[in-house]
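Structure first, commentary second.
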Amino acid sequence: METQPFTILSSFWSLMGASIRSRKRCNQLIINKNLSFMKKLFTLLIPVLLFAAGSTYGQVSAYTFAQSTTTYTALTNGTVPSGWSGSSMDDATLSGIPIGFTFNINNTNFTTLTMSQNGYVMFGYASSLGYQPISSTTAFTGGLLSGLANDLQGTATAEVMYKTEGTSPNRTFTVQFKDFKGYGSSSYLNCLWNFQFILQETTNKMFIKYGSFVYPTSASPTSNTFQVGLRGNDANDFNNRSVTSSWASSSAGTSNTATCLLSNTVLPSSGLTFAYTPPSILPPSGFTAAAVSSTQINLGWTLNAAGNNVMLAYSTTGVFGTPVDGTTYNMNDVIAGGGTVLYSGNATSYQHINLTPATKYFYKLYSFNGALAYSNGASANATTWCVPATLPYNEGFEGISANNEYPTCWTSTNLGSKTFTYTGAQGSYNRFANSGSKFGAFYYNCNDWFFTRQIHLVAGQTYMAGIYYITDGYSGWLNLNIYYGATANAAGMTNLVAATTNMSNTSYQQLNNTFTATVTGDYYFGIQCVSNGVPWYLSIDDFSVALLTVPNCAINPNPANGATNINRNATISWANGGLATDYDVYYGTTNPPAFQFNTTSTSFVPGTAFPANTLIYWKIVPHNFLGYATGCTTWSFTTNANLQYCTSSATSTAE
């Protein structure tokens, strides 16, 4: 949006002088369910499942996916845990389920798993991961397999059964979900969905097999989306599927939030099977990338269980080719299809230096053996720090090109759920820009932050920071604060700049204040909003920070300097050149002109008309609490013999 370099000072003069939500949000599918107070608030918490130690961690993103159609054979004579049948099933988890053999996922061995009634099983975690487990930010050692993850519920004939079959070393373990549907007593009426998870001993393959799916055209809603596939130790390690029109032609998910559409016309056929096979050469594990400056990213990893050497490559586009088995790659070699080699050897860390500031770098890390056979690549990325901004600094969100995209070098907490950015007005709850067309917003029940890029501050100097904000008019917006600190997180925001409480304004207002830096350094600013469950949105725009000094001289004189034929009582105006809170006005027929009055306005009409056909000298000297502008120009104009009259009513011509 249009920059407003010094709008944070517009209210400076006045600064110096002085329930749990009570209504259902029926028009929003927050988590694809009708929020009801009859719904359980907490899922069953149960002890962490036991697992045998594995030597290192792998990555499920390296697993091979295959899709086929076979015969769906319903499981019989298995174990149905108490409470895991019928229409009362909703949201529960159950841990300690015995697999019957040692199963390895992510290069970690397990003998038990946890089942969730919301359509997935977990290894290494024993509590619910909600309705979107693949994109859950909860980290743990292990992984999960999701067949139809969302808010599911049992029907009258529903049950979850598990069973181990076969003889060692070729046993299988199956978890079967029978006759499930989406949540709601009247929603998804007569839906009956069936699917199985199958684990294979020795090969450690995993299968999701779909059975009969009944989704009547009378069901409501007529469609929904579900997370399907694998997730590893954290949300960055995923191997999921995307379906938009046909389950028979599912595609690899491009993000951990990818979903599969399920509707009365888009259904998996009976026997559709998704298979995941672990790689023969495991990639390195624990691959991380962290920017430590504007020109350096540090990378680290753990060698795979075999201790194979690694090859590290980078790209600024995120596009990588596949290393060719039998090929030796050296530093600066380019992999066909994308990626430049940085390192080859048995180290477990690397420092990538001489990089471009504010740039995202992508990395792939491969294991390879003595025969030069390469594993799938482990992935990581990091963005180099921005060069600290210079002052005055203004951010109006106008640089973003899509909703929920950050301004350059900004971050936030819970983007897309509690914090938002928009490229245009949203048509409800006063979600529109203060200037330009783009802006940010907070959502109800928040205690969340936007963090700016770094800004250089000098000890002993006085600054002003401010943000414009507007609410939806509801009560419940408890606090809006501006802080600054050394790190872009809540813990790092140690210096309060400005605060306001119990906001309900329905036109944009500005929160701003002055502060003096105590230690020279590069700091992030944090904009914090706290609310309860009553309101909807609070929007923000035009954040700015400026060094507070004596003001600049006024600009844009009207009449322009040297103008002629000006009415004797014309309106005289100017623009704030920056940092002014009030103005001394000088005018007269001699140069230098005489002082007349002080005003906080940027215009005036002379109380007594100027003389006719006379050269008038005038000057504006801006002022703030630090002092007066210096070196300001004296302007001039020449009057005519006319007076300016109002046209709406009769006016006396007497002077």
Side-chain angles (χ1 to χ4, degrees), residues 137 139 234 236 284-302 310-320 331-332 334 338-345 347-365 377-395 399-400 405-413 415 449-461 463 465 482-495 497 517-527 543-545 547:
T137 57
D234 57 52
N236 295 317
S285 63
F287 185 34
T288 60
V292 295
S293 74
S294 60
T295 60
Q296 180 174 327
I297 293 174
N298 288 349
L299 301 114
W301 58 87
T302 300
V310 298
M311 181 182 73
L312 173 66
Y314 84 97
S315 166
T316 56
T317 64
V319 176
F320 291 88
M331 186 174 181
N332 297 323
V334 176
T340 300
V341 175
L342 284 172
Y343 172 77
S344 180
T348 57
S349 64
Y350 185 85
Q351 294 180 346
H352 195 189
I353 61 175
N354 299 323
L355 307 180
T356 303
T359 301
K360 190 172 187 177
Y361 287 83
F362 300 86
Y363 300 92
K364 283 279 191 178
L365 186 66
S379 300
N381 66 77
T383 301
T384 50
W385 295 357
C386 295
V387 174
T390 58
L391 297 179
Y393 172 73
N394 310 278
E395 179 54 68
I400 67 172
E405 180 180 292
Y406 288 123
T408 301
C409 299
W410 279 47
T411 57
S412 73
T413 56
L415 183 69
W449 299 76
F450 278 98
F451 300 106
T452 72
R453 65 186 298 168
Q454 284 183 307
I455 297 172
H456 188 71
L457 304 178
V458 177
Q461 293 192 340
Y463 303 87
I482 301 174
Y483 288 84
Y484 74 93
T487 56
N489 52 46
M493 295 291 108
T494 55
N495 304 281
V497 174
T518 57
V519 179
T520 298
D522 298 325
Y523 295 95
Y524 300 92
F525 282 76
I527 303 145
F543 175 79
S544 52
V545 181
L547 174 65

From [X] [atom1] over to [Y] [atom2], what is the distance, rounded to the nearest 0.5 angstrom?
X: Leu299; Y: Tyr361; atom1: CG; atom2: OH; result: 12.0 Å
X: Trp385; Y: Asp522; atom1: CH2; atom2: CG; result: 9.0 Å
X: Thr317; Y: Phe362; atom1: OG1; atom2: CZ; result: 7.5 Å
X: Leu342; Y: Gln351; atom1: CG; atom2: CD; result: 12.5 Å
X: Asn381; Y: Ile297; atom1: CG; atom2: CD1; result: 8.5 Å
X: Ser293; Y: Asn298; atom1: OG; atom2: CG; result: 8.5 Å

So, for [X] and [Y], which heavy atoms are closest and what is the spacing to 0.1 Å?
X: Gly485; Y: Met493; value: N-CE, 3.6 Å
X: Thr340; Y: Val334; value: OG1-CG2, 4.1 Å
X: Tyr363; Y: His352; value: OH-ND1, 2.8 Å
X: Ala380; Y: Ala289; value: CB-CB, 4.0 Å
X: Ala358; Y: Thr383; value: C-CG2, 4.1 Å
X: Thr356; Y: Thr384; value: O-OG1, 2.6 Å

So [X] and [Y], would you call those rings parallel, tilted or perpendicular, with 30° and 60° as cut-offs?
X: Tyr350; Y: Tyr343; answer: tilted
X: Trp449; Y: Phe451; answer: parallel
X: Trp301; Y: Phe287; answer: perpendicular

Counting only heavy atoms not in Tyr314 (residues, nucleotides, ligands), do more than 12 fall under 6.0 Å from its OH?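 Counting neighbours around OH of Tyr314, 12 or fewer heavy atoms of other residues, nucleotides or ligands fall under 6.0 Å, so no.
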
**OP:** List the steps and the verdict of side chain to side chain contact (heavy atoms under 4.5 Å, CB included) for Trp410 and Leu415.
**Re:** CA-CA 11 Å; Trp410 279 47; Leu415 183 69; over 6 Å; no

- Item | Option passing side-chain contact (heavy atoms from CB on, under 4.5 Å) with Tyr484 (candidates Thr494, Leu457, Val545) |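 Output: one option passes, namely Leu457.
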
query: With no hydrogens and no angle check, is any side-chain donor or acceptor of Tyr463 less than 3.5 Å from a backbone partner on Val458?
result: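 Looks like yes, one N/O pair under 3.5 Å.
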
Verify side-chain hydrogen bond (donor to acceptor under 3.5 Å, both in side chains) between Lys364 and Ser379, making sure each step is shown before the conclusion. CA-CA 5 Å; Lys364 283 279 191 178; Ser379 300; 3.1 Å; yes

Within-4.5 Å side-chain heavy-atom neighbours: Phe525 and Tyr393
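A side-chain contact is absent here, since even the closest heavy-atom pair is not under 4.5 Å.
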
